[in-house]
S.K.: 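Once you've had a glance at the structure underneath, I'll fire off some questions.
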Protein chains: 2
Amino acid sequence: MGMADSGLNATAAALLGLLHEGPMTGGQLMSAAERKLGPFWTMTRSQVYRELPALADAGYVRLGKPGPRASQPYSISASGKRAFARWLSEPVTRDQMRNPVTLRVAFGKLHGRDQLAELYGAAEKQHSEALAEARDAAKDAAADGDTYGAAALNFAVQYHKAALSWLKSAPRA
Amino acid sequence: MGMADSGLNATAAALLGLLHEGPMTGGQLMSAAERKLGPFWTMTRSQVYRELPALADAGYVRLGKPGPRASQPYSISASGKRAFARWLSEPVTRDQMRNPVTLRVAFGKLHGRDQLAELYGAAEKQHSEALAEARDAAKDAAADGDTYGAAALNFAVQYHKAALSWLKSAPRA
DNA sequence: GGCGGGACAGTACACAATGGATCGTCGAAA
DNA sequence: TTTCGACGATCCATTGTGTACTGTCCCGCC
């Protein structure tokens, strides 16, 4: 029952996880993350490019030969794999929710009526688009035989469906 | 259609929203936020105590007479109400999701089998508890005649229900 | 050829959010 | 009356977000 602290934050761990598939540059990691994890795990370039040198310092990744545009390939090391495995066995942090639409709805009494309608419209648009994206991504993952990836993406699908159905029942005025 | 930038971040706006119900100290704001917004909007003490002086500097809240334990009551000012109204009319930021359980599931192939079962168990526990809390809070809000508050809390209810049902179908191995 | 403009890799920085440690004050139990 | 625990508040290190910027490469075009 490995419980030793991996010293990884979730972002670093996600990068190490992705690197299990092979060496990638920062840009490639960004797009892989967006494609495979994006719908349920946001990650920004700033974070990626901050963690990568830190991971290298820790010896968890190794640098390859710089490519075009100074792009820098990274590959995971044996100790990186060990750190990732340790991270997997750590207890999950309580999942946190910060939903800006819901926050506004909570103060619905202070809205003008048309404001609320606009809010719902924008929210429905966002969730519909995100739902479509998540569905596509899940289909791709399934087609690749990536059962776990598809399952994870399905979480996002369920989330957006729930949000959409909640929106339909939200108080109009 | 007021689109002028309110200059408020979501946390500051939430505080101003809560202060529409009357003057409160930092501690009272914390508990009010936890009770009424907690299930769909996490907020930490650090944030609250950082925003409050900033809000006072901006003239959006006024300080009352210090109470016991140096507790400091704040009341919203007219310009604070205006700033809040402006914030309400701003476009919502894209809602972002960072779900640590799902992230681990995405790397399910790299888990040991019993690790995955443990993960699901812990996640189910968390969501069940959160679901119960959200339900209670929604009931309280409804009993208070706070339709919007109840609707907002119902979002959390739907979310946790969706998460729980997703967990049941998640790949076991 | 050479000179645009645009896409892309990476950097920089300011601001926001999180979590944990700490400190003084107050109330109540021992 | 002392001590202990809860509470209000503060601080700080780390993490996350958003935007603007640098340089480089590609491609079409004259």
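Below, all heavy atoms of this structure are taken into account, side chains as well, without hydrogens, waters or symmetry copies. Naming: A, B, ... by sequence-line order, numbering from 1 per chain.
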S.K.: Does A:Gln28 have a side-chain nitrogen or oxygen under 4.0 Å from the phosphate oxygens OP1 or OP2 of C:dA9?
M.R.: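 No.
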
S.K.: Can you tell me how far P of C:dC8 sits from CG of A:Leu29, to the nearest Å?
M.R.: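 Spelled out: CG on A:Leu29 to P on C:dC8 is 17 Å.
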
S.K.: Quick one: do the A:Ser6 and A:Glu90 side chains pair a donor with an acceptor below 3.5 Å?
M.R.: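 The criterion, which ignores hydrogens and geometry beyond distance, is satisfied for A:Glu90 and A:Ser6.
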
S.K.: Would you please confirm or rule out a distance under 4.0 Å between OP1 or OP2 of D:dT17 and any side-chain N or O of B:Gln96?
M.R.: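 For D:dT17, OP1 or OP2 has a side-chain N or O of B:Gln96 closer than 4.0 Å.
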
S.K.: Quickly work out the A:Met30 CE to C:dA7 P distance and round it to whole Å.
M.R.: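 One finds 17 Å between P of C:dA7 and CE of A:Met30, rounded.
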
S.K.: In whole Å, what is the span from the CE atom of B:Met24 to the P atom of D:dG8?
M.R.: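 So the CE-P distance, B:Met24 to D:dG8, works out to 13 Å.
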
S.K.: Under 6.0 Å between ring centres, would you say that holds for B:Phe107 and A:Phe84?
M.R.: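 Centroid distance B:Phe107-A:Phe84: below 6.0 Å, so yes.
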
S.K.: Side chains of B:Gln47 and B:Thr11: any donor to acceptor distance under 3.5 Å?
M.R.: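 Note: B:Thr11 and B:Gln47 side chains meet the donor-acceptor criterion.
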
S.K.: What is the separation between atom CG on B:Asn9 and atom C1' on C:dA14, rounded to the nearest whole Å?
M.R.: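 It works out to 13 Å between those atoms.
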
S.K.: Between C:dT18 and A:Arg98, is there an OP1 or OP2 to side-chain N/O distance shorter than 4.0 Å?
M.R.: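 Result: yes.
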
S.K.: Counting only side-chain nitrogens and oxygens, does A:Thr11 get under 4.0 Å of the OP1 or OP2 atom of D:dT15?
M.R.: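 For D:dT15, neither OP1 nor OP2 has a side-chain N or O of A:Thr11 closer than 4.0 Å.
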
S.K.: Between C:dA16 atom P and B:Leu55 atom CG, what is the distance in whole Å?
M.R.: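 Roughly 12 Å, once rounded to whole Å.
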
S.K.: Determine the minimum heavy-atom distance between B:Tyr148 and A:Val105, stating which atoms define it.
M.R.: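 Smallest heavy-atom distance, with atoms named: CB-O, 3.2 Å.
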
S.K.: Please figure out whether A:Leu8 or B:Ala70 has its closest DNA chain D nucleotide nearer the 5' end.
M.R.: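 Here B:Ala70 is the residue nearer the 5' end.
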
S.K.: Mind running a 4.0 Å heavy-atom check of residues 32-54 of chain A against DNA chain C and sending the residues that fall below it, in number order?
M.R.: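 Per residue number, the list reads A:Arg45, A:Ser46, A:Tyr49.
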
S.K.: Does A:Arg82 make a cation-pi contact with A:Trp87 (under 6.0 Å, within 45 degrees of the axis)?
M.R.: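 No.
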
S.K.: Could you check whether B:Tyr159 and B:Asn154, counting side-chain N and O atoms only, form a donor-acceptor pair closer than 3.5 Å?
M.R.: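 B:Tyr159 and B:Asn154 do not have a side-chain donor-acceptor pair below 3.5 Å.
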
